[in-house]
Amino acid sequence: MIIVSEEERYGLLISAVMRRMCLGLSTKLLNISVASLCRTRQLEKAEAALIDGIRLGVLPDVVTYNILITGYCQVVGFDAGYHVIHRMKEAGINPNLITYNSLMAGATRQGSLACCLDMLDEMLDRGIVPDVWSYNTLMHCFFKMGRSDEAYRIFSEILLKNISPCQATYNILINGLCKNGYIKNAMMLFRNLQRQGYVPQIVTYNILMNALCKLKRWKGIMRLFDEIRELGIAPNAITYTTAMKCCFGSRRYKEGLQIFFEMKSGGYAYDLFSCCTIVAALVKSGRRLAAERCIAHMIKIGYDLDIASYNTLINWHFKEGKLEKAYNLLGVAESRGLDCDIYTHTILIDGLCKAGNFDVAERHLSHMKTMGFNCLVASNCFINSLCKAGYIDYALQVFNSSDMRDSCTYSSLVNNLSKQRRYRLAAQLMLSCIRSGCGYWHAKHSAEALNASGSVPMGSYHVVSIPSDFSL
DNA sequence: GTAGGGTTAG
């Protein structure tokens, strides 16, 4: 038996407490550093920090592993995140509610409903009670997969189980309804909630504004935008970007730029998203100098450009007729490991067509098809440029050999056929456009074509004068 | 853990 004095006993006690305090503090510090590395996608460094910690006697806890799981899910994918659970078990740490919620979020991000449901099952098997966030995430996952009915069932389950929905629950519900085409229902739900005293967040307004933007409902958006200000809710960069996009999308460049100036004068740092929105609009409306100024700003700030930003800049070079610069920039994007997406290919094809390089454009179009991309817009660019360059019969061949068409496809053909006074064919195409449910567009030549062909009663459409020397 | 950017016709 070792005899220790009273003094020694106190000393040992104090040192144990100190060690524990130190350990607690250090694990917390370790977690902060791992979290910050994971947030900046530096997983290898996060792992190195973990190893260093263990070497120094600082053991990771459940929080450390949960942070790692979130990081792996975000950077690599769900499987990599799930793998961390095995490491937790080896370290003798049990996964908790946050572990499974993070994994469900990871599964949702990559659109895997099966994994999301598996995580819920595993959670229940372990006797962990899901919270509002588990249900929020599951609801989000169902909506993301287009399964609105089941998503709504999860919302009902939240209420049935007497779990209090949080702000995000309603946001996810409203967003899910909007993204699945139930914008009217989402709007009604929003107004009903407001009548019941629900105070919407800026996120809620952003979701609704974005939904109306897709419908090109400019007035509706502006009403919401005014409402935000009346309620004293502070708009953020997303609100401004969405409002601007809607203005630009409906060709209200003046109003869009006004919002941009309001954002600037309000001291909002305009980020990469808003920069791309503005540059794209300036390029499209031919405001060359303003576009250049904005691009110079983008470069000066030193944003970490992603593929969408490169697409914006590549498109700018093409519109300026600088093909070589466009290709160089594409090379830069690829060398940075960024994958070209549907926009990149479409922009390339459009750029090639506008430069009159139809052979290469056509080859790239078939290459795009073999890669499994949806080529509707790219094909429309090809058809439209062929028409404008006078190769309208070849454009018709391309049109007839493909079943991909929308109102843009018809619009290009009808307008250009009408310009060549080939009204009969133009009218036929226009009617088949309307019959196929592609929608209708307002164009001088389309109306001419219809009126001239006598296919529909005069006055049904926007009527314009018909050339006096016209004959069918 | 919920919201925003980039491509075609008129």
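Quantities reported herein were computed from a predicted structural model and do not represent experimental measurements. Naming convention: chains lettered A, B, ... in sequence-line order (proteins, then strands); numbering from 1 in each chain.
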Whole Å only: how far is the [atom1] atom of [X] from the [atom2] atom of [N]?
{"X": "A/F142", "N": "B/dT2", "atom1": "CZ", "atom2": "P", "value": "18 Å"}
{"X": "A/I238", "N": "B/dT2", "atom1": "CD1", "atom2": "P", "value": "11 Å"}
{"X": "A/L376", "N": "B/dT8", "atom1": "CG", "atom2": "P", "value": "13 Å"}
{"X": "A/L365", "N": "B/dT7", "atom1": "CG", "atom2": "C1'", "value": "13 Å"}
{"X": "A/F399", "N": "B/dA9", "atom1": "CZ", "atom2": "C1'", "value": "13 Å"}
{"X": "A/W133", "N": "B/dG1", "atom1": "CH2", "atom2": "C1'", "value": "4 Å"}
{"X": "A/H345", "N": "B/dT8", "atom1": "NE2", "atom2": "P", "value": "16 Å"}
{"X": "A/I228", "N": "B/dG4", "atom1": "CD1", "atom2": "P", "value": "14 Å"}

Using OP1 and OP2 only, check whether a side-chain N or O of [X] sits under 4.0 Å from [N].
{"X": "A/N171", "N": "B/dT2", "result": "no"}
{"X": "A/N380", "N": "B/dA9", "result": "no"}
{"X": "A/K144", "N": "B/dT2", "result": "no"}
{"X": "A/K419", "N": "B/dA9", "result": "no"}
{"X": "A/K245", "N": "B/dG4", "result": "no"}

Would you mind telling me which of [options] lies closest to the side-chain atoms of [X]?
{"X": "A/N175", "options": "B/dA3, B/dG5, B/dT7", "value": "B/dA3"}
{"X": "A/T346", "options": "B/dT7, B/dA9, B/dG5", "value": "B/dT7"}
{"X": "A/N315", "options": "B/dT7, B/dA9, B/dA3", "value": "B/dT7"}
{"X": "A/D271", "options": "B/dT2, B/dG4, B/dG10", "value": "B/dG4"}
{"X": "A/N101", "options": "B/dA9, B/dG1, B/dT2", "value": "B/dG1"}
{"X": "A/A168", "options": "B/dT7, B/dT2, B/dG4", "value": "B/dT2"}
{"X": "A/C381", "options": "B/dA9, B/dT8, B/dG5", "value": "B/dT8"}
{"X": "A/S412", "options": "B/dT7, B/dG4, B/dA9", "value": "B/dA9"}
{"X": "A/S309", "options": "B/dG4, B/dG5, B/dT2", "value": "B/dG5"}
{"X": "A/T242", "options": "B/dT7, B/dG4, B/dG5", "value": "B/dG4"}

_Given 3.5 Å as the limit, does a donor-acceptor pair link the side chain of A/S401 with the main chain of A/V398, or not?_
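Yes; at least one donor-acceptor contact below 3.5 Å.
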
- A/Y182 backbone acceptor or donor facing A/N180 side chain under 3.5 Å: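 Between the backbone of A/Y182 and the side chain of A/N180 there is no qualifying donor-acceptor contact (under 3.5 Å).
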
query = If each of A/I307 and A/G249 is mapped to the nucleotide of DNA chain B with the nearest heavy atom, which maps nearer the 5' terminus, i.e. the 5' end?
reply =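 The residue mapped nearer the 5' terminus is A/I307.
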
Review point. B/dA9 base to A/N416 side chain: any donor-acceptor pair below 3.5 Å?
Key: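 Counting by modelled atom types and ignoring angles, no donor-acceptor contact under 3.5 Å is found here.
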
| request: Classify the side chain of A/D306 versus the base of B/dG5 as yes if they form a donor-acceptor pair under 3.5 Å and no if they do not. | output: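 Answer is yes: a donor-acceptor pair is held.
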
Query raised in the report: Taking NZ, NE, NH1 and NH2 as the nitrogens, is one of them in A/D149 or A/R153 under 4.0 Å from a carboxylate oxygen of the other?
Result: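 A/R153 and A/D149: not salt-bridged.
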
Any base atoms under 4.0 Å from [X], or only sugar-phosphate, or nothing? Heavy atoms, all strands.
{"X": "A/C408", "result": "base"}
{"X": "A/T312", "result": "sugar-phosphate"}
{"X": "A/A378", "result": "nothing"}
{"X": "A/R405", "result": "nothing"}

Any side-chain heavy atom of [X] sitting closer than 4.5 Å to one from [Y]?
{"X": "A/T239", "Y": "A/M263", "answer": "no"}
{"X": "A/R147", "Y": "A/L113", "answer": "yes"}
{"X": "A/L425", "Y": "A/L396", "answer": "yes"}
{"X": "A/T99", "Y": "A/Y65", "answer": "no"}

message = So if I take residues 199-214 of chain A and measure heavy-atom distances to DNA chain B, which residues fall below 4.0 Å?
response =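 Of all residues in residues 199-214 of chain A, the ones placing a heavy atom under 4.0 Å from DNA chain B are A/V203, A/N206, A/I207, A/N210.
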
Practice task
Measure from the ring center of A/H345 to the ring center of A/F373 and say whether it is less than 6.0 Å.
Solution key: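 Yes, the ring of A/H345 comes within the 6.0 Å limit of the ring of A/F373, centre to centre.
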
Q. Is the A/F225-A/Y240 ring centre distance short of 6.0 angstrom?
A.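 Yes - the distance between ring centres of A/F225 and A/Y240 falls below the 6.0 Å cut-off.
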
